[in-house]
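Since this is a predicted model, take the numbers as computed values, not measurements. Here is the naming used below: chain letters follow the sequence lines, and residue numbers restart at 1 for every chain.
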Amino acid sequence: MSSKGDTSVPLLEGRDLGKAYGRAHGRTEALRGASLRLDAGEILAVTGTSGSGKSTLLHCLAGIVRPDTGAVSYRGERLDQLPEKRLSELRRTEFGVVFQFGQLIPELTALDNVALPLLLAGVSRAQAHTRAGEWLERFGVRGQSELRPGEMSGGQAQRTALARALVTGPKAVFADEPTGALDSLASEQVMTALVHTARESGTAILLVTHDTQVAAYADRELRMADGAVAGAEVTA
Amino acid sequence: MSTRHILLGLLAGGPSHGYDLKRRHDDRFPQARPLAYGQVYTTLQRLVRDGLAEVDGTDSDGGPERTKYRATDEGARELAEWARQIAPPAPFVANEIFAKVVVSILAGGDPDAYLRAQRAAHMARMRELTAVKTAPGADLATVLSADYALNHLDADLRWMTTTAARLTTLTAEVDSA
Ligand SMILES: Nc1ncnc2c1ncn2[C@@H]1O[C@H](COP(=O)(O)OP(=O)(O)OP(=O)(O)O)[C@@H](O)[C@H]1O
Ligand SMILES: [Mg+2]
């Protein structure tokens, strides 16, 4: 729940973000003055029509893309001004990301996929595998540990991706259409697992979705239109 | 909605008195409008009048006497017949949201603002239902009814989103009609 007042430092804040793609002629302004705040432990849904800038906003907030204008602050620190090295370290330790598909490494088993962020963080192989196994268990896919992404169903792959996003104990998870390729029952299982574990560990989630039933898992919904956050925030 | 068939369905599990039927109805259909006791009582009397149910003695349990009812064979046939009949798939569009948007366009109101506010209300209700549905230990009746409501609210929302996007065109059409 977003219980903090507006005076506290948010976990993550984007202010007046602008981002344009392309050259002078075929220029697309993906973001024009988008602002939002995400509090610690909060689950925030970002919805809006196709092309309204949701993914671009998520990429800017997650430090994957640098905005042209405006500021992104993570716990008061200017993310958009960090040198690349520090930024990628922060992404690795504090953030988790889940996309609609394709983010698992096809050559690795589910267990190795989930263990990878821990290995990159210097955790021993044995310990990384133990923890990866526990996270697969939490998402109900321990039985698929030895399967490669191509051998899993969409829902199983998605749960594996969620386990990988959460295994390092991030403060924020960025999920872009995490259930986009799933039917409604699989989508419900993935969302229930995600929300349950996030609440348990106090992880904040920025959830981009066009599916209102998925958005209904969040504490709050923000609507985007034409590269900006439209209308008043709607609280739970 | 056919209260008589729902009561017949509840009676299929064995004889019951009115209060018990009301309680079981509200358990089975948790997100439905609760049945009024008076409505249960009148419906039971009509079922008896039509030969679909009959009195099965009384039951006092130390408290006031209660008349118990059971379904007749004809009642069971009627119930099976009703359960087999398909429901007409939305023959008329008679929805308040739809009506308000059209009227608002006709009267030169602000349908866009209305749609935004309605969306917020729908989303709030969907969050409640999602919480109910995913609460640990939620029973099947609760999950099914929350799903039903969620899917209908979702359909409304999709319609509202499309409508908001179409509003300029729609306004022009209504204006020129
Ligand atoms: N890498 C890119 N190069 C050029 N244009 C881009 C790029 N990424 C996004 N855009 C453009 O920016 C705008 C916003 O795109 P974005 O992907 O943020 O929208 P979205 O809200 O996520 O849409 P969807 O719901 O379809 O995923 C679009 O017009 C898109 O074409
Ligand atoms: Mg997108």
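- Counting heavy atoms of neighbouring residues, nucleotides and ligands inside a 6.0 Å radius, atom NE2 of A:His129 exceeds 12 of them.
- At a heavy-atom cut-off of under 4.5 Å, chain B is reached by A:Glu188, A:Thr192 from residues 183-195 of chain A, listed in order of number.
- Across all their heavy atoms, B:Thr161 and A:Arg223 have their closest contact at CG2-NH2, 3.9 Å.
- When heavy atoms are compared at a cutoff of 4.5 Å, B:Leu157 approaches chain A solely by way of its side chain, counted from C-beta outward.
- Annotation: the span from A:Asp211 atom CG to B:Asp154 atom CG amounts to 6.0 Å, rounded to 0.5 Å.
- Counting heavy-atom neighbours within 6.0 Å of A:Tyr21 OH, excluding the residue itself, gives a total above 12.
- Separation of atoms CD (A:Gln213) and NZ (B:Lys133) is listed at 6.0 Å; rounding is to 0.5 Å.
- To the nearest 0.5 Å, atoms CZ (B:Arg119) and OG1 (A:Thr47) are separated by 4.5 Å.
- Between B:Arg127 and A:Glu221, the closest heavy-atom pair is NH1-N, 4.0 Å.
- Neither the backbone nor the side chain of B:Arg158 comes within contact range of chain A; no heavy atoms are under 4.5 Å apart.
- Around CZ of B:Arg28, the count of heavy atoms belonging to other residues, nucleotides or ligands within 6.0 Å does not exceed 12.
- For A:Ala225, no part lies under 4.5 angstrom from a heavy atom of chain B.
- The environment of A:Arg142 atom CZ is dense: over 12 non-hydrogen atoms of other residues, nucleotides or ligands sit within 6.0 angstrom.
- Interface residue B:Asn151: backbone and side-chain heavy atoms are both found under 4.5 Å from chain A.
- For CG of A:Asp226, the number of neighbouring non-hydrogen atoms (other residues, nucleotides, ligands) closer than 6.0 Å is 12 at most.
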